Amino acid sequence: PGSLDAAIKTIGAATQLQDLAIPSSWAKASHLANIAHAVRVARGGAAVPLLRRLMVKERAGRESSGIWQYKELASLGELFPELESICIQEGYCFGTKIEPFYPMARLKHLDLGFVSGGFRKPPSTDVLTALLCSVLPACPALEGLSLDGRHYMCPKDTELAQLSDATPLPQSLKLLELSNTS
């Protein structure tokens with residue numbers, strides 16, 4: 001409750017904070033940068049102890065708004081390189097352009113829930129494949145990747161996108177869950 005600025009000050013003052021859950025309305029690039037800055041300043045420029053887990057979720061009883069865009073997810077490694085787990089329970093919207101995922105050497109778990117390709121549309125399989133080709137090489141310690149399509153995804157006859165041999169699954173991967181995909 002209260003203003004975002006007050007909440008960011010509180011987060012920054014919690015110098016032992018390791019797990020952070022934020023509402024989806026705060027998951028904008030500028031807000032995330034302000035949170036990361038507050039954590040660094042309060043800890044003398046470094047994230048010690050490490051901020052291990054970031055969760056983005058909507059309040060109970062509210063409909064998912066799908067505000068997450070790929071560029072915000074891809075930049076989390078630059079803002080929070082120490083993260084070991086990212087869980088986005090809020091709707092996540094792919095859009096059409098997949099940019100390189102910022103390397104995250106410590107990331108072990110990535111959970112993207114209720115993924116959509118836009119308003120009430122599933123992401124196409126070529127976009128899903130591009131996402132995997134972007135994330136997997138940038139996260140060598142990844143142990144678990146879960147992706148839940150908000151709407152059932154099925155490839156079109158013309159879509160033949162595939163993971164290439166140049167993008168192998170990380171040897172550390174123990175769980176790969178692709179729900180509502182084909």
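As the structure is a prediction and not an experimental result, all values here were calculated from the model.
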Give me the atom names and distance for the closest heavy-atom approach of [X] to [Y].
X: F80; Y: I35; answer: CZ-CG2, 4.1 Å
X: A105; Y: A141; answer: O-CB, 3.4 Å
X: C139; Y: P170; answer: O-CG, 3.9 Å
X: I8; Y: A38; answer: CG2-CB, 3.6 Å
X: L175; Y: L173; answer: O-CD1, 3.5 Å
X: L142; Y: H109; answer: CD1-N, 4.1 Å

With a 4.5 Å heavy-atom cut-off, do [X] and [Y] have their side chains touching?
X: L107; Y: L76; answer: no
X: I11; Y: W26; answer: yes
X: M104; Y: I86; answer: yes

Between [atom1] on residue [X] and [atom2] on residue [Y], distance to nearest 0.5 Å:
X: R53; Y: Q18; atom1: CZ; atom2: CD; answer: 12.0 Å
X: L17; Y: R52; atom1: CG; atom2: CZ; answer: 10.0 Å
X: L51; Y: D19; atom1: CG; atom2: CG; answer: 7.5 Å

Inset, instruction - Check for a donor-acceptor pair, side chain of S134 on one end and backbone N or O of F101 on the other, with a separation under 3.5 Å. - result: yes

Legend entry - S172 side chain to P140 backbone, donor-acceptor under 3.5 Å: yes

Legend entry - hydrophobic_cluster_shared for V56 and Y102, side chain cutoff 4.5 Å: no

Inset, instruction - Could you tell me which residues satisfy side-chain contact (heavy atoms from CB on, under 4.5 Å) with A21, sequence neighbours excluded, listed by chain and number? - result: M55, K57

Legend entry - Steps toward side chain to side chain contact (heavy atoms under 4.5 Å, CB included) verdict (L73, V135): CA-CA 10 Å; L73 175 66; V135 169; 5.6 Å; no

Legend entry - For T10, side chain to side chain donor-acceptor pair (under 3.5 Å) partners two or more places apart: none

Legend entry - Residues in side chain to side chain donor-acceptor pair (under 3.5 Å) contact with D5, at least two apart in sequence or another chain: none

